[in-house]
Amino acid sequence: MASSSLCFISFLCFLLCHGALKLQASHHVYTPQPSRLLLHHHEQPYRTSCHFQPPKNWINGPMIYKGIYHLFYQYNPKGAVWGNIVWAHSTSTDLINWKPHDYAIYPSQPSDINGCWSGSATILPGDKPAILYTGINPKNQQVQNLAVPKNLSDPYLREWVKSPKNPLMAPTPQNQINSSSFRDPTTAWLGPDGEWRVIIGSKIDARGLAIMFRSKDFVKWDQVDHPLHYADGMGMWECPDFFPVAKNGRAGVDTSVSGQHVKHVLKVSLDDTKHDQYTVGTYDLKKDIYVPDKGSIEDYRGLRYDYGKYYASKTFFDDQKKRRVLWGWVNESSSVDDDIKKGWSGVQAIPRTVWLDASGKQLIQWPIMEIQKLRNDKVKLADKVLKKGSIIAVKGVTAAQADVDVSFKVKSFNKAQKLKAEWKDPQLVCSQMGAAAKGGVGPFGLLVLASNNLEEYTSVFFRIFKRQDKYVVLMCSDQSRSSLNANNDKTTYGAFLDVDPVRKNISLRSLIDHSIVESFGSKGKACITARVYPRLAIGDKAGLYAFNNGTESVTITKLRAWSLKKAQII
């Protein structure tokens, strides 16, 4: 975790081994509960209704234990900007509605006295959760610590105690670990030799590293003489995540699973760009290294979980529903001054189920099915032709708080624009060719959080280009006209979609929640998240439209939209 962001903390289910831990309780340093914001939603028009966020201040974090989901997240109880970080704690039975508890971890030992940063959790023998987390010691060195629940009979795990042997892993002159770049331990996994393994993000100069440690008892950890993986030119690897995915089907697998029936994913959060990038590859058990598949891109052009505002993510294996769930932190587009005025900053994205695409080359992401519990007031459109310059209002839903799923069919590609060789960066192409720029096939898609006269809107759309003998689909999220507030970050985002528009319809699903828009292209092959703060398109003054600004007509084969009820997030 860098000073500007923190990775999510998750409790994950694991194959277990035995081991006893001696622990000591720590004394409370902070007020147990975050203070509540006594403001009505009309006084806070940008607060989300379906996304997890605490009532106030800065956040930036999951697990299932005895049927209850636990969200541990980085929280500043003293302000809406980064600092004074503790591990706050909420629980849920459905990943949508949440109840807060006392802080789980806070500075109390020399090994974390200057901060309790990010980490992960593993389930030890006897169904015992154990958290490994980064602490900041009196020398401002980053070290790794252990904490476990005080009372395992409490399904809410409301109290935690720390090991008297902390820190368990630390930089020394002998191991040559960079003491300012040694953080964010992953969930541990069991190797075939029965030993636990964990990786920790680090760097040497511009080389990103996944430093690996091994342990027999989860207390004494020894550094392995080689990293699990490294890559040059990527800088610090924050919040690494390493997990298996089944080669066939959508079911998730436990983090310790290995073999011919799975591939492995290594995700790293790049400190320089604030993007979460990943590769798909193989875990070589004999050499104890990760090998990305041939053709993998390990630089800033590589695969991302999300091509918008999405960082410091973490997955966990949900053994109840046999799925792997991804959580990510969505940072702000508003200024620091505006964050302080509104009293809060940061939000968790809607949890996503992830699995390996049939091609084996990338992950698919889709909002967890529980979000459908919030759906209400369904409206439908079908077989609507969008001619050049046309726009259709989608009425009957609360446009500021909605779930929209639409499918487009393109019949003619005659006027598809040629994709120039230099157009390699999708974000740059989207920035130069926004929704207002007319094209051949596209732009077509949705205008969300739109004001009555379209002075403000966020556009999520597609363009189709021709490259040699095939067509290329570009997905964009254009925030350039999202707000009349000139102080907002209005960066436009983009991604190329691996889909053949001749054979398949182009689909888009957008989750809209006041100041956040999460969009999923081609059934989750590419995801783009945006934070927007309109001044006019607020509450019942926000509109939703489908549009086509391309020369070729496109058909809405099916559009379904729902209002979303407010989740219970206390």
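Among residues two or more places apart in sequence or in another chain, the disulfide (SG to SG under 2.5 Å) test is passed with C527 by none. Remark: T551 engages K415 in a side-chain contact (heavy atoms from CB on, under 4.5 Å) (not counting sequence neighbours). Every residue meeting the salt bridge (charged side-chain N to carboxylate O under 4.0 Å, His left out) condition with D306, not counting sequence neighbours, appears here in chain and number order: R352. Under the salt bridge (charged side-chain N to carboxylate O under 4.0 Å, His left out) criterion, R304 pairs with no residue at all, not counting sequence neighbours. Listed by chain and number, the residues in a salt bridge (charged side-chain N to carboxylate O under 4.0 Å, His left out) with E552 amount to none (sequence neighbours excluded). Scanning for side-chain contact (heavy atoms from CB on, under 4.5 Å) contacts around K378 gives K380, R560, W562, with sequence neighbours left out. For T491, the side-chain contact (heavy atoms from CB on, under 4.5 Å) test picks out Q427, D489, Y493, with sequence neighbours left out. Residues satisfying the side-chain hydrogen bond (donor to acceptor under 3.5 Å, both in side chains) criterion with K504, sequence neighbours excluded, are absent altogether. Residues satisfying the side-chain hydrogen bond (donor to acceptor under 3.5 Å, both in side chains) test with D540, not counting sequence neighbours, are none. Under the side-chain contact (heavy atoms from CB on, under 4.5 Å) criterion, A231 pairs with M234, W237, E298, sequence neighbours left out. Not a single salt bridge (charged side-chain N to carboxylate O under 4.0 Å, His left out) links D357 to another residue, sequence neighbours left out.
With hydrogens and angles ignored, the 3.5 Å screen pairs a side-chain donor or acceptor of S120 with a backbone N or O of P185. Listed for the E238 side chain is no donor-acceptor partner under 3.5 Å among the backbone atoms of D184. In terms of modelled atom types and a separation under 3.5 Å, the side chain of E456 and the main chain of A537 share a donor-acceptor contact. Formation of a donor-acceptor pair under 3.5 Å by the D276 side chain with backbone atoms of A312 is found in this model. A distance-only check finds no donor-acceptor pair linking the side chain of S522 to the backbone of K525 [under 3.5 Å]. Proximity of a side-chain donor or acceptor of Q401 to a complementary backbone N or O of S49 within less than 3.5 Å is not detected.
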Taking only distance into account, with no hydrogens and no angle test, what donor-acceptor pairs under 3.5 Å do side-chain atoms of residues 386-394 form with protein atoms, sequence neighbours excluded?
unit_1, atom_1, unit_2, atom_2, d
S390, OG, K387, N, 3.0
S390, OG, K387, O, 2.6

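For the atom pair CG of L446 and CZ of F462, the computed distance is 8.0 Å after rounding to the nearest 0.5 Å. Between the CD1 atom of I368 and the OG1 atom of T353 there is a distance of 6.5 Å, given to the nearest 0.5 Å. Taking OH of Y457 as the reference point, atom OG of S480 lies at 6.5 Å (rounded to 0.5 Å). Residue T48 holds its OG1 atom at 5.0 Å from CG of D513, rounded to the nearest 0.5 Å. In this structure, the separation between CG on D271 and OG on S181 is 8.0 Å, given to the nearest 0.5 Å.
Other residues, nucleotides and ligands contribute only 12 or fewer heavy atoms inside 6.0 Å of the NZ atom of K541.
In this structure, a donor-acceptor pair under 3.5 Å is present between the side chains of K267 and S269.
V554 has its side chain within reach of F444: a pair of non-hydrogen atoms, C-beta onward, lies under 4.5 Å apart.
Relative ring orientation between F465 and W423 is described as perpendicular, the plane-to-plane angle rising above 60° on a 0-90° scale split at 30° and 60°.
Looking at every heavy atom in both residues, W327 comes nearest to Q348 through CZ3-CB, 3.7 Å.
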